[in-house]
Student: 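Got a structure for you, questions after.
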Amino acid sequence: MSEQRVRAEKLDATDELAGLRARFVLDDAVYLDGNSLGALPAAVPGRVDDVVRRQWGELRIRSWTESGWWTAPERIGDRIAPLVGAAAGQIVVGDSTSVNVFKALVGAVRLAGEGRDEILVDATTFPTDGYIAESAARMTGRTLRPVAPSQVPGALGDRTAAVLLNHVDYRTGRLHDLPSLTAAVRAAGAVSVWDLCHSAGALPVGLDEHGVDLAVGCTYKYLNGGPGSPAYLYVRRDLQERFDSPLPGWNSHAEPFGMRRDYEPAPGAVRGRVGTPDILSMLALEAALEVWDGVSVDAVRAKSLALTDFFLECVAAYVPAGRVECLTPDAHAERGSQVALRCADAGRVMARLIERGVVGDFRHPDVLRFGFTPLYVGFGGVERAARVLAEVISSD
Ligand SMILES: *Cc1c(COP(=O)(O)O)cnc(C)c1O
């Protein structure tokens, strides 16, 4: 047995989160794609069955009140809140991340006020954030300026209205410095908008602690909410009264059943709602979030770093030198919960890995992406993934 295999057994034996894997439906595959679609929590199928058969099938319209459907967006927001370091009453769940980026960014420009004519956006952002930012800039008459996150402090100034950044880069897995960038944005008098898609559920975010203004994130990656599960929007409490959503629907009205002609925004996080929430996905997400009961995000972060460290160690030990190049920073302070490896013929390599039960994903043109969800990935799986990767690459 290799030295790494022995180490994996020891690491698994002392892993205080190892038991959480039983809260998921999994098989023998090494599932390293939870940063794209989290695995199915075991409590979800039964809950969805109840929501469909009893709540919808039997209670029908009564469920809007009796089953808590109407208040689900803010109730589930409060369930996500501790995972991203937010006090209750600041997060609302609903719509997609793309739609919430739009609400947050236009809302941010409006909060910044007239006279600030520039929006900064992460130049390496996930495409949808960039497309939406371009449209938001056009609609609000601002200029969009793409900048590398590390260049943001130098690019900030009197003209900056809002800054849209990713906490973790979806491609490289680089973790950006949210506390210091948020402080710089604030010092310039601009409004920060953070996209937490690749950090929430994998590492501490500290939204309240670091004074983040607005944030969005999806729930189907490290939060395991299921395909297309609704996203969320965070509006810091002291900004809520001035938050002017560009999508004011009847669900965010102060009196939704007053059916009034004039729009009066509801107080609090509810102001981020738009129309009728997709209850089936939303309540599947609510059941999925139960896997977090009793779990500390700090423990998750510690295991995440141990997993990625161990993966890098195994890759270095097994994969012939020069065949892969790691794009993910080595420093813990700059690493999310994934490892991105550049590799020749990456698309074909990933297809062979998947055939052999090691599931990551391929990102155009030459990146192998491996996501590590500490709730269900173990060290034995990590060792196996690196070993199979080495075999696939060496068999060419
Ligand atoms: C996954 C992801 C999205 C997804 O947006 P959807 O509207 O849910 O499709 C957006 N932004 C980032 C940074 C992501 O990683």
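Only this structure's heavy atoms are used, side chains among them; waters, hydrogens and symmetry mates stay out. This is a predicted model, so every value here is computed, not measured. Indexing begins at 1, ligand by ligand and atom by atom, following the structure's order.
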Student: Tell me the nearest of Ser98, Pro230, Gly130 to atom 7 (O) of ligand 1, using heavy-atom distances.
Tutor: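 Selected option, by shortest heavy-atom distance: Ser98.
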
Student: If I apply the N/O under 3.5 Å rule, does His198 come out as touching ligand 1?
Tutor: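 Yes - when backbone and side-chain N and O of His198 are compared with those of ligand 1, one distance drops under 3.5 Å.
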
Student: Any salt bridge linking Arg242 with Asp244? Criterion: basic side-chain nitrogen under 4.0 Å from a carboxylate oxygen.
Tutor: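 So Arg242 does not pair with Asp244 through a salt bridge.
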
Student: Could you tell me which atoms of ligand 1, counted from 1 in the order shown, lie closer than 4.0 angstrom to a heavy atom of Ser96?
Tutor: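 It comes down to these atoms of ligand 1: 7 (O).
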
Student: Using a strict cut-off of 4.0 Å, indicate which atoms of ligand 1 neighbour a heavy atom of Asp129.
Tutor: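 With Asp129 as reference, the close atoms of ligand 1 come out as 10 (C), 11 (N), 12 (C), 13 (C).
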
Student: Between Arg7 and Glu313, does any NZ, NE, NH1 or NH2 come within less than 4.0 Å of an OD or OE carboxylate oxygen?
Tutor: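 Yes, Glu313 and Arg7 are salt-bridged.
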
Student: Could you tell me whether Glu286 and Arg75 have a side-chain N and a carboxylate O separated by less than 4.0 Å?
Tutor: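 Looking at Glu286 and Arg75, the cut-off is met.
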
Student: If you count the atoms of ligand 1 from 1 in the order shown, which ones are under 4.0 Å from a heavy atom of Tyr220?
Tutor: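 By the 4.0 Å cutoff, the relevant atoms are 1 (C), 4 (C), 5 (O), 6 (P), 8 (O), 9 (O).
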
Student: Donor-acceptor pair, distance only, cut-off 3.5 Å: does the side chain of Arg335 make one with the backbone of Leu175?
Tutor: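 No; zero donor-acceptor contacts below 3.5 Å.
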
Student: So, are Asp262 and Arg260 salt-bridged, with charged N and O less than 4.0 Å apart?
Tutor: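 Between Arg260 and Asp262 there is a salt bridge, with a charged N closer than 4.0 Å to a carboxylate O.
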
Student: Of the backbone atoms (N, CA, C, O) and the side-chain heavy atoms from C-beta on, which set of Thr97 has a member under 4.0 Å from an atom of ligand 1: side chain, backbone, both, or neither?
Tutor: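 Both backbone and side chain.
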
Student: Using a 4.0 Å cut-off to any heavy atom of Asn166, which atoms of ligand 1 qualify?
Tutor: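 Within the 4.0 Å cut-off of Asn166, ligand 1 contributes 13 (C).
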
Student: Backbone or side chain, does any N or O of Asp195 fall under 3.5 Å from an N or O of ligand 1?
Tutor: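 Indeed, backbone or side chain, Asp195 has an N or O that close.
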
Student: What I want to find out is whether Glu383 reaches Arg387 closely enough, with some N-O distance under 4.0 Å, to be called a salt bridge.
Tutor: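 So Glu383 pairs with Arg387 through a salt bridge.
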
Student: Would you say the rings of Trp250 and Phe257 are close, in the sense that their centroids are separated by under 6.0 Å?
Tutor: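 Between Trp250 and Phe257, which both carry aromatic rings, the centre distance is below 6.0 Å.
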
Student: Looking only at protein heavy atoms, which one is nearest to atom 15 (O) of ligand 1, and how far off is it?
Tutor: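 So the nearest neighbour among protein heavy atoms is Lys221 NZ, 2.6 Å.
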
